[in-house]
Amino acid sequence: AYERTCRYFCRKTNSVVVCVGYRLAPEHPFPAQFEDCLTAAIHFLRTAQNHGVDPSRIVICGDSSGGTLTAAVAQALVNRRDLPKLRAQILIYPFLQCVDFNLPSYQQNERVPILLRERTLVLGLKYINVDLCLIKGILKGCHVPEYLRLKYQKWVSPDYIPQEFKTRGYKPSPTYPPLKELCEVCEPLFDPVFAPLLAEDTVIAQLPETFILTCEFDVLRDDGLLYKKRLEDHGIKITWCHLQEGFHGTV
């Protein structure tokens, strides 16, 4: 599915392109995919010159769940003093958080193919092997314990989405109390490897220059907007491209 796209990037950018064939869920559960991508990135950073590549010019890139993996790998590398620093990261409509499935983009695009609101959660729960019968409670936000709500509200909130993105039928959603049993089962959802938007400030502040692409008709649009804000708040240089007519899978 991706070979032609990668060849296109290779030709158009005059770059060496390495495509990681990471293991897939559910046969290989989370975090095998992240571990494979991190292993490949570390290996290439160490051996770049063997491939005619300047180690100081390595960029990592991914779209959708590949954008999640890209963000997680970039975060994992920030404290590695034994490796060259990444030149940049490219996040193409990435999935980055699982705290709030009622952000404006989730409400506005919940029935827009190919990534419907509920399907996003189904794929995520299959990835980390959590029972799909919990979907209704998670969509209401009952999976987030109170202490984490207080922590995450400074990073994940409709308040940080620019007003221009709320004009297409957004209504603030009611707040439901957390359910203890649901919170316990859903703890893996808050691992920054699964949800990179939830990484600590000390990690975010060290990230490389970043390109983020968002699409108007995509439930994940606001994940990208919120990550963009976090990076900007820490002085990270950002290039942002928003496709007004774009949808998930546009690439």
Side-chain angles (χ1 to χ4, degrees), residues 1-6 8-9 12-13 17 19-20 22 24-25 30 33-34 37 59-75 88-127 155-156 158 160-162 164-166 168 170 189 192-199 204 207-232 236-251:
Y2 277 83
E3 183 172 347
R4 287 181 66 187
T5 304
C6 290
Y8 177 85
F9 288 151
K12 291 292 184 179
T13 64
V17 173
C19 190
V20 183
Y22 55 83
L24 302 176
F30 170 85
Q33 299 70 23
F34 163 74
C37 290
V59 176
I60 56 173
C61 170
D63 76 310
S64 193
S65 56
T68 315
L69 291 166
T70 297
V73 167
Q75 291 179 3
Q89 61 174 340
I90 295 173
L91 310 179
I92 301 171
Y93 37 75
F95 170 89
L96 297 170
Q97 64 86 30
C98 50
V99 173
D100 190 346
F101 290 98
N102 291 288
L103 292 169
S105 62
Y106 271 105
Q107 288 190 23
Q108 295 160 344
N109 303 310
E110 65 174 330
R111 294 185 181 89
V112 176
I114 54 174
L115 195 62
L116 285 66
R117 175 173 174 249
E118 192 166 306
R119 186 171 188 230
T120 306
L121 191 48
V122 167
L123 293 172
L125 295 182
K126 282 184 175 180
Y127 180 39
W155 301 332
V156 184
Y160 302 134
I161 303 299
E164 65 199 83
F165 294 104
K166 297 178 181 177
R168 193 164 49 88
Y170 165 68
L189 289 169
V193 170
F194 180 79
L197 183 57
L198 307 182
I204 298 291
L207 288 170
E209 183 176 346
T210 301
F211 176 97
I212 296 177
L213 183 140
T214 54
C215 294
E216 179 60 29
F217 298 100
D218 180 8
V219 289
L220 302 183
R221 180 196 71 202
D222 293 351
D223 284 27
L225 294 177
L226 291 172
Y227 204 52
K228 171 179 174 285
K229 181 184 185 302
R230 278 206 75 192
L231 293 171
E232 286 174 337
I236 308 299
K237 186 177 178 184
I238 296 281
T239 302
W240 173 50
C241 174
H242 182 66
L243 303 182
Q244 198 61 49
E245 302 296 324
F247 53 91
H248 197 83
T250 286
V251 167

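Along the sequence shown, residues carry numbers from 1. No experiment lies behind these values; they were computed from the predicted model shown.
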Peer 1: A quick test of your reading: do over 12 heavy atoms of other residues, nucleotides or ligands sit less than 6.0 Å from CD of Glu110?
Peer 2: yes
Peer 1: Quick check for you: to the nearest 0.5 Å, what is the distance between Tyr170 atom OH and Asp222 atom CG?
Peer 2: 9.0 Å
Peer 1: With heavy-atom distances below 4.5 Å as the criterion, would you say the side chains of Gln97 and Trp155 are in contact?
Peer 2: no
Peer 1: List the atom of Ser64, the atom of His248, and the distance in Å for their closest heavy-atom pair.
Peer 2: OG-NE2, 2.8 Å
Peer 1: Of all the heavy-atom pairs spanning Tyr127 and Gln33, show the shortest one and how long it is.
Peer 2: CE1-OE1, 3.0 Å
Peer 1: Would you check if Cys241 and Phe211 make a side-chain contact, meaning some heavy-atom pair closer than 4.5 Å?
Peer 2: yes
Peer 1: Hey, is CD on Glu3 packed in by over 12 heavy atoms from elsewhere, all under 6.0 Å?
Peer 2: no
Peer 1: Quick check for you: to the nearest 0.5 Å, what is the distance between Lys126 atom NZ and Leu121 atom CG?
Peer 2: 11.5 Å
Peer 1: Is there side-chain contact between Leu198 and Val156, with heavy atoms separated by less than 4.5 Å?
Peer 2: yes
Peer 1: Is there a side-chain contact between Asp223 and Tyr106, using heavy atoms and a 4.5 Å cut-off?
Peer 2: yes
Peer 1: Quickly, which of Lys229, Arg230, Lys228 forms a side chain to side chain donor-acceptor pair (under 3.5 Å) with Glu232? Name it, please.
Peer 2: Lys228
Peer 1: Can you give me the closest heavy-atom contact between Arg117 and Asn102, atom names plus distance?
Peer 2: NH2-OD1, 3.0 Å
Peer 1: Just to verify, what does Phe165 make a ring pair (Phe, Tyr, Trp, His ring centres under 6.0 Å) with, not counting sequence neighbours?
Peer 2: His242
Peer 1: State, yes or no, whether a side-chain contact exists between Leu226 and Ile161 at a heavy-atom distance under 4.5 Å.
Peer 2: yes
Peer 1: Does Phe34 reach the side chain of Thr68, with side-chain heavy atoms less than 4.5 Å apart?
Peer 2: no
Peer 1: Determine the minimum heavy-atom distance between Ser105 and Asp218, stating which atoms define it.
Peer 2: CB-O, 3.5 Å
Peer 1: Rounded to the nearest 0.5 Å, how far does OG1 of Thr210 lie from CG of Leu231?
Peer 2: 5.0 Å
Peer 1: Walk me through whether Leu243 and Tyr93 qualify under side-chain contact (heavy atoms from CB on, under 4.5 Å).
Peer 2: CA-CA 10 Å; Leu243 303 182; Tyr93 37 75; over 6 Å; no
Peer 1: If we only count heavy atoms from C-beta on, is the Val20 to Leu69 side-chain gap below 4.5 Å?
Peer 2: no
Peer 1: What's the shortest heavy-atom distance between Glu216 and Arg168, and which atoms?
Peer 2: OE2-NH2, 3.0 Å
Peer 1: Quick one: does any side-chain atom of Gln75 pair with a main-chain N or O of Pro196 as donor and acceptor, under 3.5 Å?
Peer 2: yes
Peer 1: What salt bridge (Lys or Arg N to Asp or Glu O under 4.0 Å) pairs are there with at least one residue in residues 95-107, not counting sequence neighbours?
Peer 2: none
Peer 1: Any chance you could measure Leu213, atom CG, to Thr250, atom OG1, to the nearest 0.5 Å?
Peer 2: 8.0 Å
Peer 1: State whether the side chain of Asp63 and the backbone N or O of Ile92 hold a donor-acceptor pair below 3.5 Å, judged by distance alone.
Peer 2: no
Peer 1: Considering non-hydrogen atoms only, spot the tightest contact between Ala195 and Cys98 and give its length.
Peer 2: CB-SG, 4.1 Å
Peer 1: I'd like to check Leu125 versus Leu189 (side-chain heavy atoms, cut-off strictly below 4.5 Å). Are they in contact?
Peer 2: yes
Peer 1: Would you give the length of the straight line joining atom CG of Asn109 to atom CG of Leu220, rounded to the nearest 0.5 angstrom?
Peer 2: 9.5 Å
Peer 1: Pair Phe247, Ile114 - check side-chain contact (heavy atoms from CB on, under 4.5 Å), show working.
Peer 2: CA-CA 8 Å; Phe247 53 91; Ile114 54 174; 5.9 Å; no
Peer 1: How long is the gap from CD on Gln244 to CZ on Phe217, to the nearest 0.5 Å?
Peer 2: 7.0 Å
Peer 1: For Phe194 and Phe95, I'd like to know if the aromatic rings sit close, meaning centre-to-centre distance below 6.0 Å.
Peer 2: yes
